Amino acid sequence: MRNIPAATPVLDLEFVRQQFPALAGPWTFFDNAGGSQILGRVVERIREFLLTSNVQVGASYAVSALATQRLEAARQAMAAFIHAAHPEEVVLGSSTTQLLGNLALAMGPTLPPHSEIIVTNCDHEANIGAWVRLREHGVTVKFWEVDPETLELRLEDLDSLMTARTRLVCFTHASNVLGTINPVAAITRFVHERGAQVCVDGVAYAPHRAIDVQAWDVDYYVFSFYKVYGPHQALLYGKRDHLLHLANLNHFFIGEQTVPYKLQPGNINFELTYGLAGILEYFTELASILDSGAPLTPHHGVVRAYDAMARHEELLAHALLDYLSHKPKVRVLGYPQADGARRLPTISFVVEQRDSARVPGYIDQFQIGIRYGDFYARRLIEALGLVAQNGVIRVSMVHYNTLAEVYRLLEHLDAVL
């Protein structure tokens, strides 16, 4: 048995784990980048909406007024969560893939002839395929590739791709395979100085760090709530002026100025949207516990909670990375240290001359969930030459995981690595 090192607690893990009913079961969840466990309070809100206000919004009768108020409050909560300037900058939908597809569809008619869009080869396909499809409409799509040695995106490589025709640069805040954090504010500033906009995929980043769309000055930012302790729903942020300029995807009689509704064809899922408010409530309560009830603005509470989560996650990442670094046949992808400013606790690795499928298949029997594959970052896995190896093995941790869980995983990895 490994000795778990003493560490000063930065989170009340007893409180944290009590908020996620699934954690009371026998399984240890280390596939969180594929989908986190859901907060009990989110489920309670979904149930509450369905049982007490499951009607169409916008009518004059009291139950409809209640439903309308609940949805507006939830949108305002999500605007506070990401620090948007206006609630109408929050576009909701079924998934990040769907929202990015809709964004590309709405942006296509507004692009001048011979426009250029830049994507990376390390993103989830959601932030690549939607833009590649615009080639059918005359858009030129270029690829910003990671450095083959460091596996990082370099601004000098981006500079060589940008021209006066570049309209949009699409990149990930953190790769769901590499875990390395990209400097969003610096990249955004670089792109804006050259006259283009950015679209950032924050799916892998959002479960671990606070989002501040105003501070970063991003034009578009998207992520999925089912990886941020909520239901299967997603959020697209867009600066209000940009959203107003996009084509209407809704019915012809919906006004071009009606944001975000013109970008939400068929409307949103009411009960899941109301459930989202439980996420902000959780972060606010966690921040209050950390600061002994000191009053904080909603977004400052989010930042405070995420800061503590990041410090705890750094301990988890250090334990796993330190272990893997001493395995001679193991190669870790992405930034090799557990520095929370540089990487997330989403850790992918390969074993020399070993099919990646073999490791999770062995670990399954111990009721520990890890995963292998390309994780829809197929272009990156192809560039790394790992397709024949069944991609990578990925252990993705979040703040509700414990050091004890990590060390239990390491004990079983010993037998297969």
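Worth saying up front: this structure is predicted, and the values here are computed from it rather than measured.
Looking at His318 and Leu315, their side chains never come closer than 4.5 Å, going by heavy atoms from C-beta outward. Inter-residue side-chain proximity for Glu256 and Lys262 is flagged as met; some heavy-atom pair is nearer than 4.5 Å. No side-chain heavy atom of Ser348 sits less than 4.5 Å from a side-chain heavy atom of Leu178. Counting heavy atoms from C-beta on, the side chains of Val392 and Phe349 never come closer than 4.5 Å. A 4.5 Å side-chain heavy-atom check between Trp131 and Leu168 finds at least one atom pair inside the cut-off. Contact annotation: the side chain of Arg165 never approaches that of Ser115 to less than 4.5 Å [non-hydrogen atoms, C-beta and beyond]. Two residues are said to be in side-chain contact when any heavy atoms from C-beta on lie closer than 4.5 Å; Ile187 and Phe171 meet this criterion. A heavy-atom distance below 4.5 Å is found between the side chains of Ile370 and Ile393.
The minimum heavy-atom distance between Ala80 and His299, with the atom names listed, is O-ND1, 3.0 Å. The two residues Leu286 and Ala305 have their closest heavy-atom pair at CD2-CB, 4.0 Å. When all heavy atoms of Pro109 and Ala106 are compared, the closest pair comes out as CD-O, 3.6 Å. Of all heavy-atom pairs spanning Ser95 and Gln98, the tightest one is OG-N, 3.0 Å.
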Working for salt bridge (Lys or Arg N to Asp or Glu O under 4.0 Å), residues Arg17 and Glu405: CA-CA 13 Å; Arg17 290 178 66 84; Glu405 289 179 323; 3.4 Å; yes
Verdict with reasoning, Val198 to Cys170, per side-chain contact (heavy atoms from CB on, under 4.5 Å): CA-CA 6 Å; Val198 301; Cys170 308; over 6 Å; no
Tyr205/Lys227 under side-chain contact (heavy atoms from CB on, under 4.5 Å): CA gap, chis, key distance, verdict: CA-CA 10 Å; Tyr205 182 89; Lys227 303 184 182 186; over 6 Å; no
Full working for salt bridge (Lys or Arg N to Asp or Glu O under 4.0 Å) between Arg379 and Glu125: CA-CA 8 Å; Arg379 297 172 198 264; Glu125 189 63 20; 2.8 Å; yes
Check against side-chain contact (heavy atoms from CB on, under 4.5 Å), Ile211 and His83: CA-CA 7 Å; Ile211 298 167; His83 202 213; over 6 Å; no
Working for salt bridge (Lys or Arg N to Asp or Glu O under 4.0 Å), residues Arg45 and Glu281: CA-CA 11 Å; Arg45 282 175 175 269; Glu281 181 184 79; 3.4 Å; yes
Full working for ring pair (Phe, Tyr, Trp, His ring centres under 6.0 Å) between His173 and Trp216: CA-CA 11 Å; His173 202 152; Trp216 301 332; 4.9 Å; yes
side-chain contact (heavy atoms from CB on, under 4.5 Å) between Leu276 and Leu272, worked out: CA-CA 7 Å; Leu276 299 180; Leu272 298 189; 5.9 Å; no
Side chain to side chain donor-acceptor pair (under 3.5 Å) between Gln19 and Arg41, worked out: CA-CA 7 Å; Gln19 308 309 304; Arg41 67 185 74 202; 2.7 Å; yes
Stepwise ring pair (Phe, Tyr, Trp, His ring centres under 6.0 Å) check, Phe81 with Phe283: CA-CA 9 Å; Phe81 189 75; Phe283 277 80; 5.3 Å; yes
Criterion salt bridge (Lys or Arg N to Asp or Glu O under 4.0 Å) on Glu352 and Lys327, from CA distance to verdict: CA-CA 10 Å; Glu352 184 181 322; Lys327 294 294 180 180; over 6 Å; no
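Screening Leu151, Leu153, Ile128, Leu384 for a side-chain contact (heavy atoms from CB on, under 4.5 Å) with Cys122, the sole residue that qualifies is Leu153.
For the pair Arg343 and Tyr335, the NZ or CZ position fails the cation-pi test of under 6.0 Å to the six-membered ring centre and within 45 degrees of the ring normal. Relative to the ring axis of Tyr306, Arg209 does not place its NZ or CZ within 45° and under 6.0 Å from the centre. Judged by the 6.0 Å and 45° rule, Arg70 forms a cation-pi pair with Tyr274.
The backbone N or O of Ile38 lies less than 3.5 Å from no partner atom in the side chain of Tyr226, so there is not a single donor-acceptor pair. Between the side chain of Thr273 and the backbone N or O of Asn269, at least one donor-acceptor pair lies under 3.5 Å. No donor-acceptor distance shorter than 3.5 angstrom exists from the side chain of Thr28 to the backbone of Ile368, with no hydrogens or angles considered. Listed for the Gln197 side chain is no donor-acceptor partner under 3.5 Å among the backbone atoms of Asp219. Checked by atom type and distance alone, the side chain of Thr172 never pairs as donor or acceptor with a backbone atom of Asp123 at under 3.5 Å. A donor-acceptor contact shorter than 3.5 Å links the side chain of Trp144 to the backbone of Arg154. Although no hydrogens or angles enter the test, the distance criterion places no donor-acceptor pair under 3.5 Å between the side chain of Asn390 and the main chain of Gly373. A donor-acceptor pair under 3.5 Å is absent between the side-chain atoms of Thr188 and the main chain of Ala185, judged by distance alone. Side chain of Gln264 to main chain of Leu92: a donor-acceptor pair is present (N/O by atom type, distance under 3.5 Å, no hydrogens or angles). Counting only distance, with no hydrogens or angles, the side chain of Asp157 and the backbone of Val146 share no donor-acceptor pair below 3.5 Å.
Within a 6.0 Å radius of OH in Tyr376, other residues, nucleotides and ligands contribute 12 heavy atoms or fewer. No more than 12 heavy atoms of other residues, nucleotides or ligands shown are found within 6.0 angstrom of CZ on Arg47. The environment of His242 atom NE2 is dense: over 12 non-hydrogen atoms of other residues, nucleotides or ligands sit within 6.0 angstrom. Summarising the local packing, CD of Gln353 is surrounded by 12 or fewer heavy atoms from other residues, nucleotides or ligands at distances under 6.0 Å. Counting non-hydrogen atoms of neighbouring residues, nucleotides and ligands closer than 6.0 angstrom, the CZ atom of Arg378 reaches no more than 12 such neighbours.
In summary, the side chains of His124 and Asn176 do not present any donor paired with an acceptor at a separation below 3.5 Å, with no hydrogens or angles considered. Under 3.5 Å, the side chains of Tyr323 and Asp414 contain a donor-acceptor pair of N or O atoms. Side-chain N/O atoms of Arg394 and Thr346 include no donor and acceptor closer than 3.5 Å. Thr166 and Arg194 share no donor-acceptor pair across their side chains, judged by distance under 3.5 Å alone. Side chains of Thr180 and Glu152: no donor on one and acceptor on the other come within 3.5 Å. Looking at Asn401 and Asn32, their side chains do bring a donor and an acceptor atom within 3.5 Å of each other. Side-chain contact check for Glu116 and Thr163: at least one donor-acceptor pair (N or O, by modelled atom type) lies under 3.5 Å. For the residue pair Tyr229 / His399, a side-chain donor-acceptor distance below 3.5 Å is found, with atom types taken as modelled.
Atom OG1 of residue Thr110 and atom NE2 of residue His245 lie 4.5 Å apart, to the nearest 0.5 angstrom.
The pair Glu89-Lys239 does not meet the salt-bridge criterion, since no charged nitrogen lies less than 4.0 angstrom from a carboxylate oxygen. Here Asp291 pairs with Arg304 in a salt bridge; the nearest charged N to carboxylate O distance falls below 4.0 Å.
Relative ring orientation between Phe225 and Phe223 is described as perpendicular, the plane-to-plane angle rising above 60° on a 0-90° scale split at 30° and 60°.
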